[in-house]
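Residue numbers start from 1 in every chain, and the chains themselves are labelled A, B, ... in the order their sequence lines are given, proteins ahead of strands. Because the structure is a prediction, the values reported are computed rather than measured.
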Number of protein chains: 2
Amino acid sequence: MQDDISSSRRSRVPSCAGEFRQDSSIETGPSADRMTVDVTAAVIALRDEQPVVLIQGKADGETVALPCESYRACVHASLEDAIRDRIVAQMGIRLGYIEQLTTDLKTQAPERGALMRTAPGLSVGYLGLLRLEGNAAAQAAPWMNCYEFLPWEDWRRGRPEILSATLLPRLLEWAAGETPQERAASELSRHDRLRIAFAIEGGKWDDERVAERLDILDAAGLVPVSALRQMRADHRRILAAALARLRAKIRNRPLVFELLPPEFTLFELQKTVEAILGPHLHKQNFRRLVEGTGLVVSTGEVRTHTGGRPAKLFRFRREVLLERPAPGVRVKAGRAA
Amino acid sequence: MQDDISSSRRSRVPSCAGEFRQDSSIETGPSADRMTVDVTAAVIALRDEQPVVLIQGKADGETVALPCESYRACVHASLEDAIRDRIVAQMGIRLGYIEQLTTDLKTQAPERGALMRTAPGLSVGYLGLLRLEGNAAAQAAPWMNCYEFLPWEDWRRGRPEILSATLLPRLLEWAAGETPQERAASELSRHDRLRIAFAIEGGKWDDERVAERLDILDAAGLVPVSALRQMRADHRRILAAALARLRAKIRNRPLVFELLPPEFTLFELQKTVEAILGPHLHKQNFRRLVEGTGLVVSTGEVRTHTGGRPAKLFRFRREVLLERPAPGVRVKAGRAA
DNA sequence: GTAATAGTGTCTTTCAGACAGTATGAC
DNA sequence: GTCATACTGTCTGAAAGACACTATTAC
């Protein structure tokens, strides 16, 4: 690995690499400026009314990892294919929906004494969605409940215990420990960041601020709390970003149906939405909301043995894509703290 | 550049590069699998009630480019810093808001006869926002109206002329030219994609589907129409992604204020929102919307010489961040076609 | 005064959210 | 019959959207 001191800050105006390049010896630069690229996916599915995420290998108390792959230009046609192919090769699962999240530098903590001569690396995150029903390979793969890694995000049984009992008191300490220098350097105080992200002091819990909350917990050193499943730090971030994106998008695009079987009852649909977003709507209103907007249509069939009156089966009404600009389960954001 | 045939598809389960690496000779792989990384920004500002984008150099009828930089791990602390530093170095402008868009493989059209020995590359796009007021360096920099590159997106004076006159007829031809094979391979027909993206046949124009529309126009070969300013294809995509992101986010986050001076009249605020989104609201309702939600607060000052009655000046009310989960200019999506 | 822009009051429609109540199965 | 779940009807309050109207400047 050779250093490239000559390439420090320039004031001339270099045009960056054009679309069509022919002279690689000039354009590509020294290898020190080339990066390895990892592609990682948080693939989310629904099992037993729980949002679950596909993991790598088994989780016997060890640090869990998401499926990931090193991108190789000579092998993979695209970044997306790299992670798709990886999951097919390893588990025989073909992903349905896939969507890019963010790209970050790979974190490399400097090791004491050891000279870090690793190549600089990029990490591209993806959100994947998968329907488990009727997919034996997928059902055989290792999944874990998303909320084991982000337990403060699960509001289905009210405010999560871990928040009030463990995290909030320690977060308030963290906020109190802010130095004047830090306060002056940042636009928002630690306390205000807490108020916005964690809805303390009467704010509203914004279910989409998943990544922001993980950032704060990280900064406060609270991620290695005992109640939490361990996961590679960068992968937990990708999972948080995936959950945030899914929560945001489920409201505007018909993404829930990627998780459900083709036919489902309205109550199953509601349970699925609530597994992702938290409890939002009374049953009656949810029905009206989702039927009234033309998002689903009855198949005429019913499901018996529900424990009570048989439930009508519904299917996603694809035509809604042509009718409404942003079809999704339009439940409101924000809830009382 | 050496080939690495041994690295083709594997069925074993390789763990991808861990967080902390020590042995670079094993982990980094051959240089063939390392990528050059470009970082490109669509920096948007407001000038004379027009949304403008910062461009590279002058545009004398040539193909326009956005500011971009090759990421160098030894120079730039982060991807974001790479583009920030670039814009400071070249134009002396310090960006305010910045946000990552998507990461794609750099397009490399194979040249006839020429052996393409370029390194594979990634391109990371960014959206930047800038306030021109009181920023001499920024005012001196070269800007162009965003809608010169995406004229079909400007609905401020009603349905854009270029749509009905030039694009739609040719798009319908394109839709009619769909082969049965293509139809079978894709979930949506060309015609349905048109209906969704371009709101033909009574659909609603979804102002956030900017990238989708550019994709279709590209596929139909319509981007090099004469009425359009030429821009590097990959940069036009980044601009489209930036506009889409800005349109989506302006509704949920107080982003408009990054474009406006600290004090402004409500009409100026409305004009700014409309420059980005298109005409959405009657003046009276816009006032109520934006004042009623506590997004802005009167400073007590007025602006005279407006041509009529003096207008009260307002400023962004930062406290709204603490009160509401998703504060933004909550105008509705979708409009009649 | 007129012209032009700024700003207010109010009506209607829509819809989220909550309530009470009915329907149909398993047992 | 009871119990549990599925489903329907209706009320209320908030807010979107449209309209008519008043206010304050420049000229």
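To the nearest angstrom, C1' of C:dT24 lies 13 Å from NE2 of A:H305. Taking atom CD on B:E291 and atom P on D:dA15, their separation rounds to 15 Å, with Å as the unit. The nearest whole Å value for the distance from the CZ atom in B:R303 to the P atom in D:dA23 is 24 Å. Atom CG in A:L269 sits about 18 Å away from atom P in D:dT5, given to the nearest Å. Between the P atom of D:dA6 and the CD atom of A:E301 lies a distance of 17 Å, rounded to the nearest Å. Atom P of nucleotide D:dT10 and atom CD of A:Q284 are separated by 15 Å, given to the nearest angstrom. Across the protein-nucleic acid pair, A:Q270 atom CD and D:dA6 atom C1' stand 12 Å apart, rounded to whole Å. The interatomic distance linking A:L289 (CG) with C:dG17 (P) rounds to 8 Å, in whole Å.
The base of D:dG17 is paired with the side chain of B:R288 by a donor and an acceptor separated by under 3.5 Å.
In summary, A:E301 and A:K312 do not engage in a salt bridge, as defined by a charged side-chain N under 4.0 Å from a carboxylate O. In this structure, B:R251 pairs ionically with B:E208, as a charged nitrogen and a carboxylate oxygen lie closer than 4.0 Å. Residues A:D215 and A:R209 are not paired through a salt bridge, judged by the lack of any N-O separation under 4.0 Å between the basic side chain and the carboxylate.
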Report all side-chain donor-acceptor pairs from residues 139-147 of chain B shorter than 3.5 Å, counting only partners two or more places apart or in another chain.
{"residue": "B:Q139", "atom": "NE2", "partner": "B:L132", "partner atom": "O", "Å": "2.9"}
{"residue": "B:W143", "atom": "NE1", "partner": "B:A138", "partner atom": "O", "Å": "2.7"}
{"residue": "B:N145", "atom": "OD1", "partner": "B:Y147", "partner atom": "N", "Å": "2.9"}
{"residue": "B:N145", "atom": "ND2", "partner": "B:Q50", "partner atom": "OE1", "Å": "2.9"}
{"residue": "B:Y147", "atom": "OH", "partner": "B:R247", "partner atom": "NH2", "Å": "3.2"}
{"residue": "B:Y147", "atom": "OH", "partner": "B:A275", "partner atom": "O", "Å": "2.6"}
{"residue": "B:Y147", "atom": "OH", "partner": "B:I276", "partner atom": "O", "Å": "3.3"}

Can you give me the N/O atom pairs linking the protein to nucleotides 4-6 of chain C at distances under 3.5 Å, or say none if there are none?
{"residue": "C:dT5", "atom": "O2", "partner": "B:R309", "partner atom": "N", "Å": "3.2"}
{"residue": "C:dA6", "atom": "OP2", "partner": "B:K283", "partner atom": "NZ", "Å": "3.0"}
{"residue": "C:dA6", "atom": "O4'", "partner": "B:R309", "partner atom": "O", "Å": "3.4"}
{"residue": "C:dA6", "atom": "O3'", "partner": "B:P310", "partner atom": "O", "Å": "3.3"}
{"residue": "C:dA6", "atom": "N3", "partner": "B:R309", "partner atom": "NH1", "Å": "3.3"}

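Between the side chains of A:Y126 and A:Q100, at least one donor N or O lies within less than 3.5 Å of an accepting N or O.
Taking the six-membered ring where tryptophan is involved, the planes of B:W205 and B:F198 are perpendicular, since the angle between them exceeds 60° and thus also 30°.
In this structure, B:L266 reaches neither bases nor backbone, as no heavy-atom distance under 4.0 Å exists between it and the strands shown.
Looking at which nucleotide of DNA chain D each of B:N285 and A:L313 is closest to, the 5′-most match is held by A:L313.
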Requested in this report: Could you give me the CA-CA distance, side-chain angles and deciding distance for B:F314 and B:E291, then say whether side chain to side chain contact (heavy atoms under 4.5 Å, CB included) is met?
Outcome: CA-CA 10 Å; B:F314 289 78; B:E291 238 186 318; 3.7 Å; yes
